[in-house]
Amino acid sequence: MTKANWLTLPQLSGGADLALLATRLVVGAFLIFGVWDNIVSAERMAEFEKFLTIKGFAMPGVMAPLSVYAQFLVGIAFIAGFATRWAGLICAFNFIVALVMVDAPLGIRPAFPAAALVVIGLIFATIGAGRLSVDWMFSKGSPS
């Protein structure tokens with residue numbers, strides 16, 4: 001192993017698609033888990049609408065279900081690796097709004113999950129889902 005290889009570990013690049021799959025599965029499941037209670041309970045959705053009202057969101061009756069179902073569908077898309085670049089953009093946008101309107105004033109630790117989801121969304125928007133995805137099957141192996 002050369003000094004450059006020791007430093008940069010190029011042999012690990014062969015696991016990139018598995019790492020992308022693992023990230024998609026974990027983040028997708030997290031997004032679904034995070035909104036499932038709002039989907040199955042009108043009471044929980046009403047609580048979320050009230051929260052958005054308190055935080056100063058316009059049209060909380062529209063924004064609450066829009067955010068919930070966006071996160072749910074993004075979670076499904078990430079898990080499947082379907083329309084992953086679009087899902088990444090939607091994820092990043094949704095959590096930029098969360099950062100600006102809710103999390104950033106609370107400090108770095110409370111804002112970290114939303115910030116991480118912005119970055120993860122941007123990663124998927126730019127590099128896609130990898131070979132272990134529906135997107136790859138549609139592209140016939142072409143990464144673009």
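Every heavy atom of this structure was used, including side-chain atoms; hydrogens, water molecules and symmetry mates were not. Small disclaimer: the values here were computed from a predicted structure and weren't measured.
Side-chain contact check for L31 versus F95: some heavy-atom pair is nearer than 4.5 Å. Side-chain atoms of W36 and F72, non-hydrogen and from C-beta on, do get closer than 4.5 Å to each other. Residues L20 and F124 are in side-chain contact: their nearest non-hydrogen atoms beyond the backbone lie under 4.5 Å apart. Side-chain contact between V74 and N94 is absent, with no heavy-atom pair separated by less than 4.5 Å.
Rounding to the nearest 0.5 Å gives a distance of 4.5 Å between CG of D37 and CZ of R44. To the nearest 0.5 Å, atom CD of residue Q11 and atom CH2 of residue W6 are 12.0 Å apart. Between the CZ atom of R24 and the CD1 atom of I120 there is a distance of 13.0 Å, given to the nearest 0.5 Å. From L21, atom CG reaches atom CG of L25 across 4.5 Å, with rounding to the nearest 0.5 Å. With values rounded to the nearest 0.5 angstrom, Q71 atom CD is found 11.5 Å from I90 atom CD1. Note that CE of M59 is 9.0 Å distant from CG of L66, once rounded to the nearest 0.5 Å.
Under a 3.5 Å cut-off, the side chain of T126 and the backbone N or O of L122 do form a donor-acceptor pair.
Under a hydrophobic-cluster definition in which Ile, Leu, Val, Met, Phe, Trp and Tyr are linked whenever side-chain heavy atoms come within less than 4.5 Å, directly or via other members, V62 and M101 are assigned to the same cluster. Grouping the Ile, Leu, Val, Met, Phe, Trp and Tyr side chains by contacts below 4.5 angstrom, directly or via other members, places L52 apart from I96. A continuous path of Ile, Leu, Val, Met, Phe, Trp and Tyr side chains, each step under 4.5 Å between heavy atoms, connects V97 with F48, placing both in one hydrophobic cluster. Taken together through direct or relayed side-chain contacts under 4.5 Å among Ile, Leu, Val, Met, Phe, Trp and Tyr, V26 and I79 form parts of separate hydrophobic clusters. Under the 4.5 Å side-chain heavy-atom criterion for Ile, Leu, Val, Met, Phe, Trp and Tyr, L89 and Y69 are members of distinct hydrophobic clusters.
When all heavy atoms are compared, the tightest approach of A115 to L99 is CA-CD1, 3.8 Å. When all heavy atoms of A129 and G81 are compared, the pair lying nearest together is CB-CA, 4.0 Å. Nearest heavy atom pair, residue C91 against residue L117, reads SG-O, 3.5 Å.
Salt bridge absent: E47 and K50 never bring a charged side-chain N and a carboxylate O closer than 4.0 Å.
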Given side chain to side chain contact (heavy atoms under 4.5 Å, CB included), test V102 with F51 step by step and report yes or no.
-> CA-CA 10 Å; V102 179; F51 172 79; 3.7 Å; yes

Output, in order, the C-alpha distance, side-chain angles, deciding distance and verdict of side chain to side chain contact (heavy atoms under 4.5 Å, CB included) for L132 and W136.
-> CA-CA 7 Å; L132 304 174; W136 187 268; over 6 Å; no

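Under the 3.5 Å distance criterion, with hydrogens and angles disregarded, no donor-acceptor pair is assigned to the side chains of E49 and T53.
Among I39, L73, I76, the single residue meeting the side chain to side chain contact (heavy atoms under 4.5 Å, CB included) criterion with I32 is I76.
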